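Structure incoming, see below.
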2 protein chains.
Amino acid sequence: MVKIRKEKIKIRRIDYLPARQVTFSKRRRGIFKKAEELSILCESEVAVIIFSQTGKLFDFSSSSTKDVIARYKSHTGEKSNQSMLDQLQLEKENTIRLSKELEDKTRKLRHLKGEELQDLDLDELQKLEKLVEASHGRVMETKEKKIMSEIMALAKKGDELVEANNQLKQRMVMLSARGDIGPAAIMELENLNNGGEEGVTSESATNVTTSSNSPLSLEDDCSDILSLKLGLP
Amino acid sequence: MVKIRKEKIKIRRIDYLPARQVTFSKRRRGIFKKAEELSILCESEVAVIIFSQTGKLFDFSSSSTKDVIARYKSHTGEKSNQSMLDQLQLEKENTIRLSKELEDKTRKLRHLKGEELQDLDLDELQKLEKLVEASHGRVMETKEKKIMSEIMALAKKGDELVEANNQLKQRMVMLSARGDIGPAAIMELENLNNGGEEGVTSESATNVTTSSNSPLSLEDDCSDILSLKLGLP
DNA sequence: TCGCCTATTTTTAGGAT
DNA sequence: AATCCTAAAAATAGGCG
């Protein structure tokens, strides 16, 4: 029963481990008690979460710690785990749906390419054949239209070039008439631009408008034309 | 400076609202202070979450309430919001990837069906045409094979039926020879089974094995045959 | 709502078990 | 680690501004 002097302790880390552990235990209980009292006295919801230095978890709650945490999260504007789970579920269903669609399309694509036909019955094969035939027709048609329009574009460009050429030549002639350059240079130009043809002169420069190309029957097979790469936009 | 008698309070709901509010405020600060002291004295992580009766949130934490909550959740085996977010992100990327693939396949499918060809260039159109042609060939081939095999199956079934029929007739003849049924019934049977043909009798019943069908040239267009629905497995 | 006051209750440091 | 003891420290009920 020896009474020992005590003095107020400083709020700083307790260095002596056993003392620290004891204090932790005592004060922890103290806080939990206070928390409970507060929740009862004032009808409030209280949660206390404590991790000891060793990582051990101690928690108290007037109701359920998880509930209080959920309420805390909704208060701080965070999405709850539940709504997150819902979203995840939705995304997964989405993925499954997309996968199914993809599988279906992949299958159809194979069939249209003439692959894996063995799992089609006669009826389906007939429909597929009709489809492929129709498709072939449209592809041919589109291709021919495209070829025509590209040839037109080429022809137009050619005409424009001829026109530009003629205007250039006209200028050259005028310049040579004024003695700025010699006639030899003009000859050189003409040979460079139309190899072997009769020289296009200024008088025919205005009526090079339409259908000046070679005749082309697009009704026939024109795979030889197709094979040349048309470098137009 | 009048000294007033005080007595220990009971831990039960404080009915008088103003007193309750004051107590809430005082004790709340008390708990927070204790919590802080504990965290410092014992180097522990502490979080206190309090909801007042009016729904107002008060929280204290030695570090960050969210961190403590995350630690709490990982301790109680729940998935953290973060890992959930990661998962969600992953799913979303998955969805985007699938959507892109789907779009691509849809496009290709359209082209193979001869739709939306205008956004193909000449080169692509040519490749597509080749593909469709090849596909058409394979579809035709497969269809013909299928038709052949179905006809074979039909023929086989037919032969089996004829065979069964003959055996049945043979029995009938034997039965009639024993006087169990009259000859009129046999005639009736024969007329029912082969309308107009000469009666198939027991002596031809054993050699109905192969190629007893009508001649069919499958090399030609056989769309008229295709149109009849073959109800075989 | 807050701070201040003060008598009283409650908590707790330190020791011992 | 928990519990008891005790004196000192801290918290706080109730009142007042």
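This is a predicted model, so every value here is computed, not measured. Throughout, protein chains are lettered first and strands after them, A, B, ... in sequence-line order, and every chain is numbered starting at 1.
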> Got a sec, which pairs hit side-chain hydrogen bond (donor to acceptor under 3.5 Å, both in side chains) with one end in residues 28-40 of chain B, sequence neighbours left out?
Replying inline: A:R27-B:E37
> Which residues satisfy the side-chain contact (heavy atoms from CB on, under 4.5 Å) test with A:S64, sequence neighbours excluded?
Replying inline: A:K66, A:D67
> Does B:E115 have any salt bridge (Lys or Arg N to Asp or Glu O under 4.0 Å) partners at least two apart in sequence or in another chain, and if so, which?
Replying inline: B:R110
> In whole angstrom, what separates A:L17's CG from C:dA13's P?
Replying inline: 15 Å
> Among residues 49-61 of chain B, which residues get a heavy atom nearer than 4.0 Å to DNA chain C?
Replying inline: none
>> From C-beta outward on B:R27, which listed nucleotide comes closest to its side chain: D:dA13, C:dA13, C:dT10?
In response: D:dA13
>> Distance check needed: C:dT12 P versus A:I14 CD1, whole Å only.
In response: 12 Å
>> Just to verify, what does B:T106 make a side-chain hydrogen bond (donor to acceptor under 3.5 Å, both in side chains) with, not counting sequence neighbours?
In response: none
>> On the nucleotide D:dA1, are OP1 or OP2 found under 4.0 Å from the side-chain N or O atoms that A:S25 carries?
In response: no
> Could you give the CD1-to-P distance, from B:I9 to C:dT11, as a whole number of Å?
Replying inline: 11 Å
> With the threshold set at 4.0 Å, does a side-chain nitrogen-carboxylate oxygen contact exist between A:K145 and A:E141?
Replying inline: yes
>> Distance check needed: D:dA13 C1' versus B:R13 CZ, whole Å only.
In response: 18 Å
>> In this structure, how many angstroms lie between the P atom of C:dA13 and the CZ atom of A:F24, rounded?
In response: 13 Å
> With sequence neighbours excluded, what pairs up with B:F60 under the ring-ring contact (aromatic ring centres under 6.0 Å, His included) test?
Replying inline: B:F32
> So what's the dot-bracket for DNA chain C: Watson-Crick or G-U pairs under 3.5 Å, [ ] if a pair crosses, | if it pairs off-strand?
Replying inline: .||||||||||||||||
>> What is the separation between atom CD on A:Q21 and atom C1' on C:dG15, rounded to the nearest whole Å?
In response: 17 Å
> Between C:dA13 atom P and A:Y16 atom OH, what is the distance in whole Å?
Replying inline: 15 Å
>> B:I96: which residues meet the side-chain contact (heavy atoms from CB on, under 4.5 Å) condition with it, sequence neighbours left out?
In response: B:K100
> Under a 4.0 Å heavy-atom cut-off, which of residues 29-41 of chain B touch DNA chain D?
Replying inline: B:G30, B:K33, B:K34
>> Please report the distance, rounded to the nearest Å, between CZ in B:R28 and P in C:dG3.
In response: 10 Å
>> Regarding B:K157 and B:D159, does a basic nitrogen lie under 4.0 Å from an acidic carboxylate oxygen?
In response: no
> By side-chain contact (heavy atoms from CB on, under 4.5 Å), which residues pair with B:L161, not counting sequence neighbours?
Replying inline: none
> Which residue pairs pass the ring-ring contact (aromatic ring centres under 6.0 Å, His included) test with at least one member in residues 111-148 of chain A, sequence neighbours excluded?
Replying inline: none
> Do B:K26 side-chain and D:dG14 base share a donor-acceptor contact under 3.5 Å?
Replying inline: yes
> Which residues pass the side-chain contact (heavy atoms from CB on, under 4.5 Å) test with B:Q87, sequence neighbours left out?
Replying inline: A:L88, A:K92, B:K79
